[in-house]
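Naming convention: chains lettered A, B, ... in sequence-line order (proteins, then strands); numbering from 1 in each chain.
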Number of protein chains: 2
Amino acid sequence: MPDIQPDKAAVAQQIRHLQDTLYVVNGKWKLPILVAVHQGNSRFRDIQRSVQGITTKVLSMELKALEQNKLVVRKVYDTSPPTVEYTTSSYCDTLQTMILEMIAWGKNHHDRIREE
Amino acid sequence: MPDIQPDKAAVAQQIRHLQDTLYVVNGKWKLPILVAVHQGNSRFRDIQRSVQGITTKVLSMELKALEQNKLVVRKVYDTSPPTVEYTTSSYCDTLQTMILEMIAWGKNHHDRIREE
DNA sequence: GATGCCAGTTACCTAAAGGATGCCAGATAT
DNA sequence: ATATCTGGCATCCTTTAGGTAACTGGCATC
């Protein structure tokens, strides 16, 4: 009976939330793509050039996934040839502080590694 | 000559920092494990029970990787049988705000998904 | 009229991540 | 005495992420 420890349940809950986030932004590329798009790269090739090393196939797949998760918006303009524009959604903005934290940590970590 | 756009370089730099972070905490399990350990689960089996669904093999591998990245500390006590204790390092604390942001976002995202 | 740009798609392949199962040895609990 | 706990390791297998390369079809440019 005293086996039930409420804080263990709370920790488990936190871990589940964390895993929900990881599920959406998993992989090498999703967050870098979001940053690139958010910073104004709206065209497919521009994004590809910003995110060093990504191939067209992977970028195409990742953009689709991000669109499904409502983080980016894809608009096609009926020009000739058709123009495609990617933008980040307002929902994507809710990720901003998290991403900024990750960028800051990465910078700090990089400096730290170089010191060794 | 006017091809060089300084803010493009800055964006590229940010993306690189982000990728450095992703490199350290990549995969399904590393951050959940860190949370579990940080919250006081110091024994192997306790961690395994906290991080739902992880197998001993994967946990063992991930703990080694985290130890190599100086995020967790492994101590063996010379009892019989030997007791093994995992704790988070002080360096790991620098990840805290980032992780808290991720947990918060995951919670919010989960609620948002359920509304649909 | 050949080349290159755009926004991708398709097919194929490899490496790595992750999962399933079984095992060990000493100790404690039933 | 036997069942279970500890901290893992070894083996085998499946899945998936990601990479390579080639191609498309309209338009513009050289």
**Report entry** Residue pair B:Gln48 / B:Thr56, side-chain heavy-atom distance below 4.5 Å
**Finding:** yes
Report task. Measure from CD1 on A:Ile33 to P on D:dA17 and round the result to the nearest Å. Result -> 13 Å
Query - Atom pair distance, as rounded to whole Å: CD1 in B:Ile47 and P in D:dT6 - result: 12 Å
Query - Atom pair OG1/CD of A:Thr21 and B:Glu101 - distance to nearest 0.5 Å - result: 10.0 Å
Query - Exercise: do B:His109 and A:Asp20 side chains pair donor with acceptor under 3.5 Å - result: no
Query raised in the report: So, is A:Arg43 close to the C:dC6 phosphate, meaning a side-chain N or O under 4.0 Å from OP1 or OP2?
Result: no
Query raised in the report: With pairs taken as Watson-Crick or G-U wobble and both distances under 3.5 angstrom, which stems of at least three consecutive pairs involve DNA chain D?
Result: C:1-24 with D:7-30, C:26-30 with D:1-5
Query raised in the report: Do the ring centers of B:Trp105 and A:Tyr91 come within less than 6.0 Å of each other?
Result: yes
**Report entry** Atom pair distance, as rounded to whole Å: CZ in B:Phe44 and C1' in D:dC5
**Finding:** 14 Å
**Report entry** For atom OH of B:Tyr86 and atom P of D:dG7, their distance in whole Å
**Finding:** 8 Å
Report summary line: B:Leu59 CG to D:dG7 C1', in whole Å, measures 10 Å
Query - Between A:Arg16 and A:Gln13, a side-chain donor and acceptor under 3.5 Å - result: yes
Query raised in the report: In terms of side-chain heavy atoms of A:Lys64, which of C:dT9, C:dG8, C:dC6 is nearest?
Result: C:dT9
Query raised in the report: Does a side-chain N or O from B:Thr83 land closer than 4.0 Å to OP1 or OP2 of D:dG7, or not?
Result: no
Requested in this report: May I have the distance from A:Leu22 (atom CG) to D:dT16 (atom P), rounded to whole angstrom?
Outcome: 17 Å
Query raised in the report: Just checking, any donor-acceptor pair under 3.5 angstrom between side chains of A:Thr79 and A:Thr83?
Result: yes
Report summary line: B/S/- along nucleotides 17-30 of chain C (protein heavy atoms under 4.0 Å) is -BBB-----SS---
Query - Nearest-Å distance for atom pair CZ/C1', residues B:Arg45 and D:dC5 - result: 8 Å
Report summary line: B:Arg74 CZ to D:dG7 P, in whole Å, measures 10 Å
Query raised in the report: A:Gln19 and B:Gln52: side-chain donor and acceptor closer than 3.5 Å?
Result: no
**Report entry** SB check A:Lys30 A:Glu62 (cutoff 4.0 Å)
**Finding:** yes
Query raised in the report: Is the NZ or CZ atom of B:Arg49 both under 6.0 Å from the centre of the six-membered ring of B:Phe44 and within 45° of that ring's axis?
Result: no
